[in-house]
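Structure, as structure tokens:
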Protein chains: 2
Amino acid sequence: MFYLSEFTNFKGLIATDSGAFQQYMYNKNEFNINPDEIEKFQEDIGSDFSVILDVPVQLTDNYENAKIKVLTTIERAKSNIKNRSNEKCHWFGPIHGGIFPDLLNLSIQEMKKLDFSVFAIGGLVKAFLEYRFDLTLQILLTVKKDIIPNRPIHMFGLGLPQFFSLAVACGCDIMDSAAYILFAKENRYFTLSTGTRRLDELEEFPCYCPICSSYTPKEIKNCNEEMRSKLIAKHNLFLSLSEMKTIRQAIREGNLWELVQTRIRNHPNLVKAMELIRKNRTFFEIFEKVFKTHGCLYTSPLDLYRPSFYRYEIKLIKNYREPKEVKYLIILPELDVKELNSPTIKYWLEQIDNNILIKRELINIIFVSSFYGIIPLDLNNIYPLGQFESIDINDLNDTLYQSVLQKAEIFFQYHLKFYKKCALLIPLKYFNQYNEELEFPINHPIHGIISLLKSKFNLKVSIFNKIEDLLHFFKSDT
Amino acid sequence: MFYLSEFTNFKGLIATDSGAFQQYMYNKNEFNINPDEIEKFQEDIGSDFSVILDVPVQLTDNYENAKIKVLTTIERAKSNIKNRSNEKCHWFGPIHGGIFPDLLNLSIQEMKKLDFSVFAIGGLVKAFLEYRFDLTLQILLTVKKDIIPNRPIHMFGLGLPQFFSLAVACGCDIMDSAAYILFAKENRYFTLSTGTRRLDELEEFPCYCPICSSYTPKEIKNCNEEMRSKLIAKHNLFLSLSEMKTIRQAIREGNLWELVQTRIRNHPNLVKAMELIRKNRTFFEIFEKVFKTHGCLYTSPLDLYRPSFYRYEIKLIKNYREPKEVKYLIILPELDVKELNSPTIKYWLEQIDNNILIKRELINIIFVSSFYGIIPLDLNNIYPLGQFESIDINDLNDTLYQSVLQKAEIFFQYHLKFYKKCALLIPLKYFNQYNEELEFPINHPIHGIISLLKSKFNLKVSIFNKIEDLLHFFKSDT
């Protein structure tokens with residue numbers, strides 16, 4: 001008996017595979033493996049993480065075939081547990097079913113009863129090769145929602161680094177270690193900027209990893225095939241590992257969604273897969289931290305899918321209470337920066353606080369905000385309402401503009417009844433954070449609020465461009 | 001006299017600065033420099049690229065002060081030319097004026113008359129520190145449009161790598177070499193994933209450059225200040241250089257806009273600056289290549305700003321002619337993939353080509369496409385109409401959806417008059433590229449085309465879900 005760690009002279013954890021995928025992939029009849037034998041072999045050579053000999057369901061399998069494969073894998077998983085003899089060996093439990101929801105569910109339900117250290121989703125290699133990120137994420141989320149929560153999830157075949165961050169955001173813990181070498185064998189070089197490139201397209205390496213610091217593309221082209229694919233594989237691996245470090249670092253800093261936003265622009269199919277975040281927002285909301293050490297950056301309407309927006313929507317309806325005595329509602333536009341950072345908003349608030357017409361306690365103030373919709377002034381320091389920077393709304397067809405109106409409508413449905421009068425402030429000009437005087441934008445969503453209030457709510461609403469006039473309007477019938 | 005190349009033992013080109021910025025920045029009275037002296041000194045030490053002693057206009061300068069500074073810089077530029085004594089020394093001609101358009105224009109007009117090897121835009125350091133990318137790009141574009149086209153443009157202060165690709169797309173050729181070290185002195189570490197990080201936020205380096213391969217964050221924190229900032233500076237420089245290589249490579253491959261799309265998601269202000277691409281689209285269109293070696297990836301509605309869309313809009317109006325005999329127009333929806341890659345579209349086209357009801361020459365076919373609006377079948381192989389992959393349209397408020405309708409309206413205004421009858425095909429189901437049968441999406445913009453045609457154009461229009469019925473409709477009055 002020999003031990004892998006001695007053979008490889010490697011001190012870290014070592015994982016091995018059973019050869020199930022190879023059996024299918026290279027379709028060699030003489031390549032006969034027996035589950036008991038190959039599983040025992042992995043234990044014997046001292047593998048830290050071994051895989052049972054599953055029967056991977058392929059995307060092209062019909063239902064009957066897929067069902068047989070799922071059931072066989074479950075049987076083998078059960079007999080693997082009985083046969084285990086090395087306690088130091090941890091086992092990957094493969095989950096299959098793919099595009100057949102009931103088979104996938106069957107696989108999850110049976111496998112989760114069994115003692116596996118890692119659950120591994122299989123049969124998706126073809127989907128990864130075809131960049132079907134939406135399909136693979138859908139399956140990942142189905143598994144994640146129902147599997148034992150404290151067991152890591154691995155995805156067989158997931159090896160393209162531009163997909164790592166989105167997969168991690170959806171609950172994948174361990175990536176596949178095959179892509180870096182498989183791509184290298186086809187002279188394909190990973191980048192995180194414009195996707196995977198063929199070596200012969202590269203005049204210079206856009207990278208400073210140890211390989212790219214030592215060789216030019218031309219030098220690697222001139223290597224023999226073995227050396228060439230070895231060098232490209234090493235670069236691919238450095239890039240994959242640096243992306244893993246980037247992701248871990250982003251999680252620590254609370255920037256994972258920001259990272260996902262930059263990575264998904266690598267390919268339209270990654271953006272399409274983001275749709276699943278929206279569809280599963282109740283699930284994501286559960287795991288979203290209450291606060292993070294960084295403010296948020298919103299660079300796209302897709303950021304509206306982030307769980308914090310859904311959480312805010314719910315909390316605003318369920319938990320927000322108007323201060324007791326309020327009678328008057330002032331609706332202010334959010335400007336280029338938050339509250340006291342904006343000279344104009346600061347001035348407005350001072351005018352309201354120091355006015356002699358209306359008791360301050362009778363007034364409530366809310367902001368019309370491009371991403372959050374409505375932000376009451378008294379929530380303005382609650383994370384992340386006062387800790388974000390965002391893009392502007394560009395035009396009235398903008399998803400953001402419409403989203404503000406929808407959110408405002410919900411807010412008004414619940415809260416407008418507490419007020420006797422309501423007034424909007426729409427200035428002609430304002431000062432931005434650099435103290436430059438600018439025209440107030442005609443596409444600010446506060447303009448849409450006016451017609452919303454007039455058409456759907458039965459309350460005295462007026463529009464002013466000065467705080468003073470607005471307060472006089474309130475005063476007029478006190 | 002000593003020579004820089006010997007002193008530094010560096011074989012490449014060496015650039016020096018005059019100290020104008022330092023004079024302002026550190027505001028030391030004793031730091032007295034005389035233009036003739038410092039310019040002669042740069043020649044004497046063998047600098048390959050020297051800068052005249054300009055007087056940088058600051059964003060906070062009032063108009064009068066700014067004007068004096070602009071005029072003084074122009075005078076000094078003129079006297080520099082008279083005083084030059086070393087032909088091997090090339091000169092940077094600084095351009096100022098910043099936020100005052102007429103001063104900026106004055107500076108451009110005067111400086112372009114003078115023999116400078118590089119034109120350099122100054123006075124923007126504060127704008128870069130405040131991430132005012134829109135302002136700096138606006139000034140860059142103003143200069144680029146009017147300066148001598150074969151001279152490179154440098155931007156003093158431009159050193160954040162996440163901004164490089166957008167700046168290059170707008171005509172900047174040379175970046176500033178100060179940021180990497182200035183940021184390092186404040187222990188700020190560059191990344192291209194989630195922006196600039198403080199060293200003490202990093203538990204691991206998300207990078208494999210020679211520095212990050214050799215040290216952990218903890219080890220660098222424990223270095224003395226000089227060593228620490230030196231090591232961070234080196235990483236920052238590796239990252240900046242790898243971004244320059246990435247950009248050059250992207251330009252060669254025709255992927256620069258794709259790269260810009262990933263980088264701008266680093267910060268909302270970068271996305272805001274993209275608006276300038278749209279506003280200057282006639283200018284960008286001039287320099288857009290007719291074809292590239294790669295297909296295009298459209299990952300966001302912001303891609304609509306790319307010059308190729310503007311070019312297509314114009315060409316479709318000005319250059320597209322219907323085939324001579326056409327009488328009937330078939331409007332088909334673009335599906336998940338192009339033409340013959342889509343089993344359903346392939347089937348439709350075969351049915352039309354082989355039909356016995358209507359002579360094929362009498363029929364013209366156009367597609368309703370999410371990014372290009374209308375694509376006639378006969379243009380479908382012209383770059384990039386048949387060589388792109390894109391995101392889907394998500395909902396009817398989507399910018400993309402509205403953009404399709406606008407483009408379709410323009411097309412119909414020019415082209416509908418050539419047809420006697422027009423029919424849309426809207427299937428109930430279709431097969432995607434994986435041969436899976438799917439419901440036809442209710443938010444496909446072809447639905448909007450119907451009401452557009454009915455409300456604005458006076459032509460017999462009918463909707464069918466089978467090609468056969470559609471052809472019978474044409475046949476019915478031939």
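Numbered from 1 within each chain, the chains take letters A, B, ... in sequence-line order.
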Tell me, for [X] versus chain B, whether the close heavy atoms (under 4.5 Å) come from the side chain, the backbone, both or neither.
{"X": "A:E243", "result": "neither"}
{"X": "A:E201", "result": "both"}
{"X": "A:L241", "result": "both"}
{"X": "A:S213", "result": "side chain"}
{"X": "A:C207", "result": "backbone"}

Tell me if the [atom1] atom of [X] is crowded by more than 12 foreign heavy atoms within 6.0 Å.
{"X": "B:K292", "atom1": "NZ", "result": "yes"}
{"X": "A:K221", "atom1": "NZ", "result": "yes"}
{"X": "B:Y434", "atom1": "OH", "result": "yes"}

Among [options], which has the most heavy-atom pairs under 4.5 Å with chain B?
{"options": "A:I264, A:T246, A:N435, A:I99", "value": "A:T246"}
{"options": "A:L270, A:L59, A:I391, A:T60", "value": "A:I391"}
{"options": "A:T191, A:L192, A:V271, A:I247", "value": "A:V271"}

Check the pair A:Q162 / B:T262 against side-chain contact (heavy atoms from CB on, under 4.5 Å), numbers first and verdict last. CA-CA 11 Å; A:Q162 52 267 51; B:T262 74; over 6 Å; no

How long is the span from the [atom1] atom in [X] to the [atom2] atom in [Y], to the nearest 0.5 Å?
{"X": "B:S390", "Y": "A:K272", "atom1": "OG", "atom2": "NZ", "result": "6.0 Å"}
{"X": "A:K245", "Y": "B:C212", "atom1": "NZ", "atom2": "SG", "result": "7.0 Å"}
{"X": "A:Y208", "Y": "B:I211", "atom1": "OH", "atom2": "CD1", "result": "12.0 Å"}

Enumerate by number any residue of residues 294-306 of chain A whose heavy atoms lie under 4.5 Å from heavy atoms of chain B; in the absence of such residues, state 'none'. A:H294, A:L297, A:Y298, A:T299, A:S300, A:Y305

Measure distances from B:E253 to the heavy atoms of chain A and classify the residue's part below 4.5 Å as side chain, backbone, both or neither. side chain

Under a 4.5 Å cut-off applied to non-hydrogen side-chain atoms, are A:E389 and B:H267 in contact?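 They are in side-chain contact.
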
Do you know which of B:R263, B:E130, B:Q261 has the most heavy-atom pairs with chain A at a distance under 4.5 angstrom? B:E130

Give the member of B:E436, B:R252, B:E258 that has the highest number of heavy-atom pairs under 4.5 Å with chain A.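 Option with the greatest count: B:R252.
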
Treating A:Q249 as the side-chain partner and B:F205 as the backbone partner, does any N or O pair qualify as donor plus acceptor under 3.5 Å? no

